[in-house]
2 protein chains.
Amino acid sequence: MPEVPPPAPEGDALLKILTALGNPHRMRIVAALVENRTYVSALAREIGISRPLLHMHLQRLEAAGLVTGTLEAADDGKTVKYYDVTPFVCELTPHTVARAASTLTDVEAGTADRGTGRSDRGAKEEAK
Amino acid sequence: MPEVPPPAPEGDALLKILTALGNPHRMRIVAALVENRTYVSALAREIGISRPLLHMHLQRLEAAGLVTGTLEAADDGKTVKYYDVTPFVCELTPHTVARAASTLTDVEAGTADRGTGRSDRGAKEEAK
DNA sequence: GAGATGTGTCAGAAATCTTTGACAGGTGCC
DNA sequence: GGCACCTGTCAAAGATTTCTGACACATCTC
């Protein structure tokens with residue numbers, strides 16, 4: 001397949017991190033994993049949320065590269081999925097954000113608008 | 001009014017910042033304001049979104065303490081609202097997040113659950 | 001006064017995110 | 001086999017966020 005793998009621009013990565021961390025449950029999940037690594041079911045009991053829900057949150061965190069899950073075999077042969085936190089570091093300042101914003105995909109604007117009639121119209125046009 | 005003003009815990013503040021920054025439009029708004037301060041209407045034209053929408057986004061950013069708006073009088077007496085970016089700095093690491101998570105309000109859990117019957121039940125109970 | 005530009009707010013549609021409650025496997029132990 | 005754990009996935013309900021299209025009100029210029 002001659003398909004180029006997505007260049008994964010800086011901006012989108014930061015956006016993913018921010019939306020991943022911008023949720024109380026997800027913050028608590030990270031906090032719990034910093035204390036000590038565990039597997040899904042135990043973690044669900046610890047924070048008090050259902051497993052399907054935790055599963056979703058973990059997926060979001062993993063997609064952002066903040067945690068990593070590994071399927072391990074416990075002593076007795078049971079299959080257990082342990083999660084660890086990635087030692088991420090992310091400086092958040094106006095400059096950082098601005099820099100990231102410039103490499104955001106989904107732009108779709110670009111064309112200089114003819115600012116004729118004003119009124120409250122939104123400036124969107126193509127897109128859809 | 002003998003009401004104690006909310007202590008505004010660290011955790012909630014960070015959460016607010018993250019959810020505020022975790023949005024492409026809001027990131028672009030910050031980026032635009034870093035370049036040069038402007039007023040609402042001009043900014044709306046610059047990024048290509050409707051004014052009511054921009055107004056909402058700016059409110060969110062201001063509530064998180066990332067930007068500040070000041071109502072100024074232009075030379076001709078027109079009232080214009082200019083926005084500036086706050087020089088915020090925020091280190092984002094597992095440790096930081098964990099620390100913030102411990103001071104999150106909205107907890108409502110706390111009681112150790114008796115893990116008798118298992119099945120897929122969510123661990124929520126009181127609340128609502 | 002009409003027209004252009006600025007401010008703000010509101011109700012409701014549209015799109016997303018969050019959450020629950022099943023279901024369908026696996027393995028180990030009595 | 002039956003029970004207790006573990007894993008995953010799905011559809012649909014609920015709650016939020018995002019967005020649009022009016023509306024109301026100011027000031028300045030012609």
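Side-chain atoms are counted along with the backbone in the values below, which use heavy atoms only and exclude waters and symmetry mates. Convention: sequence-line order gives letters A, B, ...; per-chain numbering from 1.
- Closest to the side chain of A:Leu53, out of C:dG6, C:dT18, C:dT9, is C:dT18.
- Which of C:dT19, D:dT7, D:dT18 sits closest to the side chain of A:Ser41 comes down to D:dT7.
- Distance from the side chain of A:Pro52 is smallest to D:dC10 among C:dG28, D:dC10, C:dT7.
- If you check D:dT18, D:dT20, C:dT20 against the side chain of B:Arg26, the one that comes closest is D:dT18.
- Residue B:Tyr39 places at least one side-chain N or O under 4.0 Å from the OP1 or OP2 atom of C:dG6.
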Discussion item. Pair A:Leu43, A:Tyr83 - check side chain to side chain contact (heavy atoms under 4.5 Å, CB included), show working.
Written reply: CA-CA 9 Å; A:Leu43 186 53; A:Tyr83 271 92; 5.6 Å; no
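- Residue A:Met56 contributes atom CE, which lies 14 Å from atom C1' of D:dA11 at whole-angstrom precision.
- Atom CD1 of A:Ile49 is separated from atom P of D:dG14 by 20 Å (rounded to the nearest Å).
- Taking side-chain N and O atoms only, B:Arg60 has a distance below 4.0 Å to OP1 or OP2 of D:dT18.
- Closest contact between the side chain of A:His55 and the listed nucleotides C:dG21, D:dG8, C:dC10 involves D:dG8.
- More than 12 heavy atoms of other residues, nucleotides or ligands sit less than 6.0 Å from atom CZ of A:Arg37.
- One finds a side-chain N or O of B:Asn23 lying less than 4.0 angstrom from the OP1 or OP2 phosphate oxygen of D:dT18.
- What separates CG of A:Leu71 from C1' of C:dG25 is a distance of 14 Å, to the nearest Å.
- For A:Leu54 and C:dT18, the CG to P distance is 13 Å, given to the nearest whole Å.
- Here the rule is side chain to side chain contact (heavy atoms under 4.5 Å, CB included) with B:Leu33, and of B:Asp84, B:Thr86, B:Thr38 only B:Thr38 fits it.
- In this structure, B:Glu72 atom CD and C:dG6 atom C1' are separated by 14 Å, rounded to whole Å.
- Within the model, atoms CG of B:Leu54 and CD1 of B:Ile49 stand 4.5 Å from one another, a figure rounded to the nearest 0.5 Å.
- The distance between atom CG of B:Asp76 and atom P of D:dA26, rounded to the nearest whole Å, is 17 Å.
- Dashed line: the shortest gap from a side-chain N or O of B:Arg51 to OP1 or OP2 of D:dA22 is not under 4.0 Å.
- In this structure, CG of B:Leu58 is placed 10 Å from P of C:dT7, rounded to the nearest angstrom.
- Using a 4.0 Å cutoff on non-hydrogen atoms, the parts of residues 77-85 of chain B near DNA chain D are B:Gly77, B:Lys78, ordered by number.
- Between B:His25 and the phosphate of D:dT17, there is no side-chain N or O to OP1/OP2 separation shorter than 4.0 Å.
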